[in-house]
Amino acid sequence: MLEVLNHPLITHKLTQMRRKECGTKDFRENLDEIAELMAYEVCRDLPTNPIEIETPVAKCTGYELSKEVVIVPILRAGIGLLDGIRRLVPTAKVGFIGMYRDETTLEPVEYFAKFPSHLEDAIVMVVDPMLATGGSAKDAIAQIKKRGAKNIKLVCLVAAPEGVKVIQKTHPDVDVYIAALDDHLNEQGYIVPGLGDAGDRIFGTK
């Protein structure tokens, strides 16, 4: 499933981020706020269990989350989405994964990975601002599946059609949530119109 979260507040904040004159502070703050707004929609179908509670007035049946949520940012830009989602799901645990592609073999190499236990029982949100070629997300999801994860959601800010197709082909069981589906990738692999290098803009490294 692909869902484009076409919400007025999300599109407004994303427009601010796309502006080339948007500085690191404003870029990071808007990304943080968008992450929280997206989390609301991504969590819409989280499973719950009924629970008997007592209010100051009477007993009643309420509901609580029945599965653990694990957020996995793809390093490094994925960190920019972490705090916004955790504000909405403060009980969520966090894993991290870093990938690079070997220039000789062209095979993905995992250079860092740290996950909570029992991924097989959790709802895992893999987060990365950009879904361009889809290579990093595809490889990260494959590595997370090797750790036992079965219920995975990919959450990205901006995607290119090429990247979406890669995920849908290689991981058809993964739901993809994005704030915007852009036009295409250019020869350098950047999303057009996109917003440039999200990692550099989040951390002010360029």
For a quick test of reading the model, state the closest non-hydrogen atom pair linking [X] to [Y] and the distance between them.
X: L81; Y: P129; answer: CD1-N, 3.7 Å
X: Y63; Y: I51; answer: N-CG2, 4.0 Å
X: A179; Y: V4; answer: O-CG1, 4.0 Å
X: F96; Y: F112; answer: CB-CE2, 3.8 Å
X: L5; Y: E3; answer: CD2-OE2, 3.6 Å
X: A137; Y: L131; answer: CB-CD1, 3.9 Å

Can I get a per-line list of side-chain donor-acceptor pairs under 3.5 Å for residues 181-198, giving both atom names and the distance, sequence neighbours left out?
residue, atom, partner, partner atom, Å
D182, OD1, R18, NH2, 2.8
D182, OD2, R18, NH1, 2.8
D182, OD2, G194, N, 2.8
N186, OD1, Q188, N, 3.0
N186, OD1, G189, N, 3.1
N186, OD1, Y190, N, 2.9
D197, OD1, G199, N, 3.0
D197, OD1, D200, N, 2.9

Check salt bridge (charged side-chain N to carboxylate O under 4.0 Å, His left out) between [X] and all other residues, then give those that pass, not counting sequence neighbours.
X: E41; result: R44
X: K20; result: none
X: R86; result: none
X: R28; result: none

Using 0.5 Å steps for rounding, measure from the [atom1] atom of [X] to the [atom2] atom of [Y].
X: M38; Y: L14; atom1: CE; atom2: CG; result: 9.5 Å
X: S136; Y: L75; atom1: OG; atom2: CG; result: 11.0 Å
X: M125; Y: C43; atom1: CE; atom2: SG; result: 3.5 Å
X: K59; Y: E54; atom1: NZ; atom2: CD; result: 6.0 Å
X: E64; Y: N49; atom1: CD; atom2: CG; result: 7.0 Å
X: I10; Y: T15; atom1: CD1; atom2: OG1; result: 11.5 Å

Problem set entry | Criterion salt bridge (charged side-chain N to carboxylate O under 4.0 Å, His left out) on E110 and R147, from CA distance to verdict | CA-CA 13 Å; E110 177 188 289; R147 268 78 172 191; 2.9 Å; yes
Exercise. What pairs of residues pass the side-chain hydrogen bond (donor to acceptor under 3.5 Å, both in side chains) test when at least one of them lies in residues 113-131, not counting sequence neighbours?
Worked result: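 Every candidate side-chain hydrogen bond (donor to acceptor under 3.5 Å, both in side chains) pair involving residues 113-131 fails, so no pair, neighbours aside, qualifies.
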For this session: Please list all pairs passing the side-chain hydrogen bond (donor to acceptor under 3.5 Å, both in side chains) test where one or both residues lie in residues 161-180, with sequence neighbours left out.
Result: K145-H171, K145-D173, K153-Y177
Exercise. Can you name the side chain to side chain donor-acceptor pair (under 3.5 Å) partners of E52, sequence neighbours left out?
Worked result: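 Here the qualifying residues are T61.
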Exercise. Who are the side chain to side chain donor-acceptor pair (under 3.5 Å) partners of N151, not counting sequence neighbours?
Worked result: none
Exercise. Could you go step by step and tell me if V176 and C156 meet the side chain to side chain contact (heavy atoms under 4.5 Å, CB included) rule?
Worked result: CA-CA 8 Å; V176 181; C156 301; 5.6 Å; no
Sequence neighbours excluded and cut-off under 3.5 Å, please list the side-chain donor-acceptor pairs for residues 65-72, or say none.
residue, atom, partner, partner atom, Å
S66, OG, P47, O, 3.2
E68, OE2, K93, NZ, 3.2

For this session: Applying side chain to side chain contact (heavy atoms under 4.5 Å, CB included), name anything that partners N30, two or more places apart in sequence or on another chain.
Result: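 Scan of N30 (side chain to side chain contact (heavy atoms under 4.5 Å, CB included), adjacent residues dropped) gives K13, Q16, M17, D26, E33.
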For this session: Using side chain to side chain contact (heavy atoms under 4.5 Å, CB included) as the criterion, list what pairs up with A39, not counting sequence neighbours.
Result: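 Scan of A39 (side chain to side chain contact (heavy atoms under 4.5 Å, CB included), adjacent residues dropped) gives I85, L88.
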Problem set entry | T133 side chain near V166 side chain, heavy-atom distance below 4.5 Å | no
Problem set entry | Close side-chain approach of V126 to V155, heavy-atom, < 4.5 Å |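 The answer is no; the side chains never approach within 4.5 Å.
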Problem set entry | Criterion side-chain contact (heavy atoms from CB on, under 4.5 Å) against L154, the qualifying member of V124, I178, I167, V127 |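 With L154 as partner, side-chain contact (heavy atoms from CB on, under 4.5 Å) holds for just one option, I167.
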Exercise. Do you know which of T24, I79, L31, D32 makes side-chain contact (heavy atoms from CB on, under 4.5 Å) with I202?
Worked result: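 Among the candidates, only L31 passes.
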Problem set entry | Shared hydrophobic cluster, V42 / L37 (ILVMFWY, side-chain heavy atoms < 4.5 Å) | yes
Problem set entry | Test side chain to side chain contact (heavy atoms under 4.5 Å, CB included) applied to R76 and T205, step by step | CA-CA 12 Å; R76 66 183 165 144; T205 50; 3.2 Å; yes
